[in-house]
Amino acid sequence: MMDKKEHWENVFATKTEKEVSWYQEYPQTSVDFFKTLQLPLDSEIIDVGGGDSYFIDALLALGYTNLTLLDISGNAIARIKKRLGDKAKFVTFIESDILDFNPAKKYLFWHDRACFHFLTETVQIEKYADIVDKALDKGGRIFIGAFSTEGPKKCSGLDIKQYSMESLRFVFEKEFQLEGCFIENHKTPFDTVQNFIFCGFERKKITKEPTLK
Ligand SMILES: C[S@@+](CC[C@H](N)C(=O)[O-])C[C@H]1O[C@@H](n2cnc3c(N)ncnc32)[C@H](O)[C@@H]1O
């Protein structure tokens with residue numbers, strides 16, 4: 001059996017962008033949510049398991065210049081780098097399994113569409129939540145999209161974990177406050193539909209009780 005890195009390297013070596021179910025010409029749900037936050041243009045933003053999706057292109061078009069794309073697949077990174085050409089200078093590329101990621105800086109926005117849902121074991125999910133906590137700055141936001149409980153049980157032939165608003169909230173609620181969720185019926189290039197849930201979270205504010213002197 002292929003390990004997960006081999007699986008993803010193979011996908012990006014053998015399939016064109018429109019031959020994968022997750023292809024989107026424009027990541028509208030993510031961009032719409034992102035715009036509501038009105039983050040400064042120099043904010044540090046990371047797209048986790050970003051593959052060669054157009055979220056980075058959309059952020060560049062909005063004027064953001066401190067972008068990071070993390071993906072397990074070097075082939076995916078090579079593909080998006082080539083597409084971006086000169087604009088790749090605004091993006092830091094990290095080829096890594098998300099569970100091995102040791103963030104060297106603090107981000108203000110963490111985006112993950114259809115990467116987190118491949119983590120099916122509790123220890124992996126808890127580790128992911130820990131990494132998000134380490135990586136995100138004060139005021140940091142998360143936007144996560146996963147297959148919903150009405151969606152498919154597999155993605156790219158691999159098992160995934162489906163989510164509801166409650167189960168996504170449960171993963172992040174120790175440090176993050178749920179802001180809202182959106183359901184999206186993603187139309188694949190094969191004319192099938194995949195039901196996604198996207199939820200946005202904001203880091204909880206530390207409220208200290210005043211101390212008596
Ligand atoms: C279903 S695709 C989604 C790609 C992109 N987010 C999008 O919306 O088009 C999943 C992506 O996550 C990456 N990936 C899967 N498991 C990963 C892991 N453990 N760590 C980092 N990236 C991973 C894959 O290489 C692939 O690019």
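Every number for a ligand or one of its atoms is a count from 1 in the order of the listing.
- By the 4.0 Å N-to-carboxylate-O rule, Lys174 lies too far from Glu126 to be salt-bridged with it.
- Ligand 1 has an N or O atom lying under 3.5 Å from an N or O atom of Ile72, backbone or side chain.
- Checking Asp71, Leu158, Asp97 against atom 18 (C) of ligand 1, the nearest heavy atom belongs to Asp97.
- Regarding atom 8 (O) of ligand 1, its nearest protein heavy-atom neighbour is Arg113 NH1, 2.7 Å.
- Centroid-to-centroid, the aromatic rings of Phe118 and Trp8 come within less than 6.0 Å.
- Against a heavy-atom cut-off of under 4.0 Å, Gly50 is close to the following atoms of ligand 1: 4 (C), 5 (C), 6 (N).
- Closest protein heavy atom to atom 10 (C) of ligand 1: Ala114 O, 3.2 Å.
- Less than 4.0 angstrom separates some heavy atom of Gly51 from each of these atoms of ligand 1: 27 (O).
- Using cut-offs of 30° and 60° on the angle between ring planes, the pair Tyr107 and Phe101 is tilted.
- Here the shortest heavy-atom pairing between Leu70 and Ser96 reads CD2-O, 3.5 Å.
- Between Phe176 and Phe172, the ring-plane angle classifies as perpendicular under the 30° and 60° cut-offs.
- In this structure, Ala76 has no heavy atom closer than 4.0 Å to ligand 1.
- If you check which protein heavy atom lies closest to atom 16 (N) of ligand 1, you get Trp8 NE1, 3.7 Å.
- Ring centroids of Phe196 and Trp22 are separated by 6.0 Å or more, keeping the two rings apart.
- With Tyr64 as the partner, the side chain to side chain contact (heavy atoms under 4.5 Å, CB included) test is satisfied by one option alone out of Leu60, Asn66, Leu62: Leu62.
- Ligand 1 has a nitrogen or oxygen under 3.5 angstrom from a nitrogen or oxygen of Ile98.
- In this structure, Phe12 counts as a contact residue of ligand 1, since one of its heavy atoms falls inside 4.0 Å of the ligand.
- For ligand 1, the atoms lying closer than 4.0 Å to a non-hydrogen atom of Cys115 are 12 (O), 14 (N), 17 (C), 22 (N), 23 (C).
- Nearest to atom 21 (C) of ligand 1 by heavy atom, out of Ser96, Gly49, Cys155, is Ser96.
- Relative ring orientation between Phe109 and Phe55 is described as tilted, the plane-to-plane angle lying within the 30° to 60° band.
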